Amino acid sequence: EHFALKEAEAMKKAMRERMFEDGVYWSTSGTEYEKLKVATWAHFAPLFAGLYTEEEADAVVKLHLRNTNTFKAAFGVRTVSKEEPSYRPDGYWRGSAWVAPHWFIHKGLTAYGFSDDANWVLDSTLWLLEHAGFREYFNPETGEGYGAHRFTWGALVLDMMES
């Protein structure tokens, strides 16, 4: 057990060294860990993993998650910031809302004590499922469902409701 804790701490340290910059964690590519400077929901995944300090988490939530010009949409969290040239609300992983990222974000927000924000993510997810059905992904601006029907990731909302 002690070995596992040391490994986890080493991994967290390596992730911070390779991925953290400008107050957020960035996706990386290749053996050189080149940062992919595209603002995506990956900024929020470290909340789930407990990688941010309390101050960093507060800043990420205030500057990015609550910002309607970037990630907060009328019907959930955009997977790509609205400010990115690649943003497409109906695009496959180019800005559309997905239940799985909502689940990770909800869990991370809950862990850091952002209950109002976590409840907003839950409520947004419930609305999408109730109005568009269990779809693969959703337009965060209109709530329209896209992709596969009866997509089982929607069932993650049950776990979100337990938090």
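These figures come from a predicted structure and were not determined experimentally.
Not counting sequence neighbours, the partners of Phe20 by the ring pair (Phe, Tyr, Trp, His ring centres under 6.0 Å) test are Tyr25.
Rounding to the nearest 0.5 Å places CG of Asn69 at 8.0 Å from CZ of Arg78. Taking CG from Leu156 and NE2 from His106, the interatomic distance works out to 11.5 Å, rounded to the nearest 0.5 Å. For the atom pair NZ (Lys82) and NZ (Lys72), the distance works out to 13.5 Å, reported to the nearest 0.5 Å. Rounded to the nearest 0.5 Å, atoms OG (Ser96) and CD (Glu141) are 10.5 Å apart. To the nearest 0.5 angstrom, Thr110 atom OG1 is 11.5 Å from Ile105 atom CD1. Atom NZ of residue Lys12 and atom CD of residue Glu7 lie 14.0 Å apart, to the nearest 0.5 angstrom.
Considering every non-hydrogen atom in both Glu21 and Lys37, the closest pair reads OE2-NZ, 2.7 Å. Across all non-hydrogen atoms, the minimal contact from Ala42 to Pro46 is O-CD, 3.0 Å. Across every non-hydrogen atom of Pro140 and Ala97, the tightest pair is CD-N, 3.9 Å.
Using a 4.5 Å heavy-atom threshold, the side chains of Trp120 and Val77 count as touching. Looking at Leu65 and Leu109, their side chains come closer than 4.5 Å, going by heavy atoms from C-beta outward. Between Phe71 and Ser81 there is a side-chain heavy-atom pair separated by less than 4.5 Å. In this structure, Met160 and Val121 have side chains that are in contact, with non-hydrogen atoms separated by less than 4.5 Å. For the pair Pro101/Trp93, a side-chain contact is recorded, criterion being any heavy-atom separation below 4.5 Å from C-beta on. At a threshold of 4.5 Å between non-hydrogen side-chain atoms, the residues Trp103 and Trp98 do not count as touching. Side-chain atoms of Leu128 and Arg135, non-hydrogen and from C-beta on, never get closer than 4.5 Å to each other.
Listed for the Thr70 side chain is a donor-acceptor partner under 3.5 Å among the backbone atoms of His64. With hydrogens and angles ignored, the 3.5 Å screen pairs a side-chain donor or acceptor of His131 with a backbone N or O of Trp127. Counting only distance, with no hydrogens or angles, the side chain of Asn119 and the backbone of Ser115 share a donor-acceptor pair below 3.5 Å. Under a 3.5 Å cut-off, the side chain of Thr40 and the backbone N or O of Thr79 do not form any donor-acceptor pair.
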Checking side-chain contact (heavy atoms from CB on, under 4.5 Å) for the pair Leu129/Phe138: CA distance, chi angles, key distance, verdict? CA-CA 9 Å; Leu129 296 172; Phe138 306 86; 4.1 Å; yes

Apply side-chain contact (heavy atoms from CB on, under 4.5 Å) to residues Lys107 and Asp159 and explain how you reach the verdict. CA-CA 9 Å; Lys107 291 294 185 180; Asp159 186 61; 2.8 Å; yes

| task | Let me see the working for Leu126 and Met161 under side-chain contact (heavy atoms from CB on, under 4.5 Å), right down to the final yes or no. | result | CA-CA 9 Å; Leu126 285 168; Met161 293 169 70; 4.0 Å; yes

Checklist entry - Checking ring-ring contact (aromatic ring centres under 6.0 Å, His included) for the pair Tyr112/Tyr52: CA distance, chi angles, key distance, verdict? => result CA-CA 9 Å; Tyr112 278 89; Tyr52 286 119; 7.1 Å; no

Using the ring-ring contact (aromatic ring centres under 6.0 Å, His included) rule, take Phe44 and Phe104 through it: C-alpha gap first, then chi angles, then the decisive distance, then the call. CA-CA 8 Å; Phe44 309 118; Phe104 280 103; over 10 Å; no

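Of the residues listed (Arg16, Met15, Glu17, Met11), the one engaging Lys13 in a side chain to side chain contact (heavy atoms under 4.5 Å, CB included) is Glu17, and it is the only one.
Within a 6.0 Å sphere centred on CZ of Arg94, other residues, nucleotides and ligands contribute 12 heavy atoms or fewer.
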Could you give the side-chain donor-acceptor pairs of residues 143-151 under 3.5 Å, partners two or more places apart or in another chain?
from   : atom 1 : to     : atom 2 : distance (Å)
Glu144 : OE1    : Tyr146 : OH     : 3.4
Tyr146 : OH     : Asn139 : ND2    : 3.2

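Tyr92 is not connected to Leu36 by any chain of hydrophobic side-chain contacts under 4.5 Å among Ile, Leu, Val, Met, Phe, Trp and Tyr, and they are in different clusters. One hydrophobic cluster, built from ILVMFWY side chains closer than 4.5 Å, cannot hold both Leu63 and Leu47; they sit in different ones.
Looking only at atom types and distance, the side chain of Thr28 has no donor-acceptor partner in the side chain of Trp26 under 3.5 Å away.
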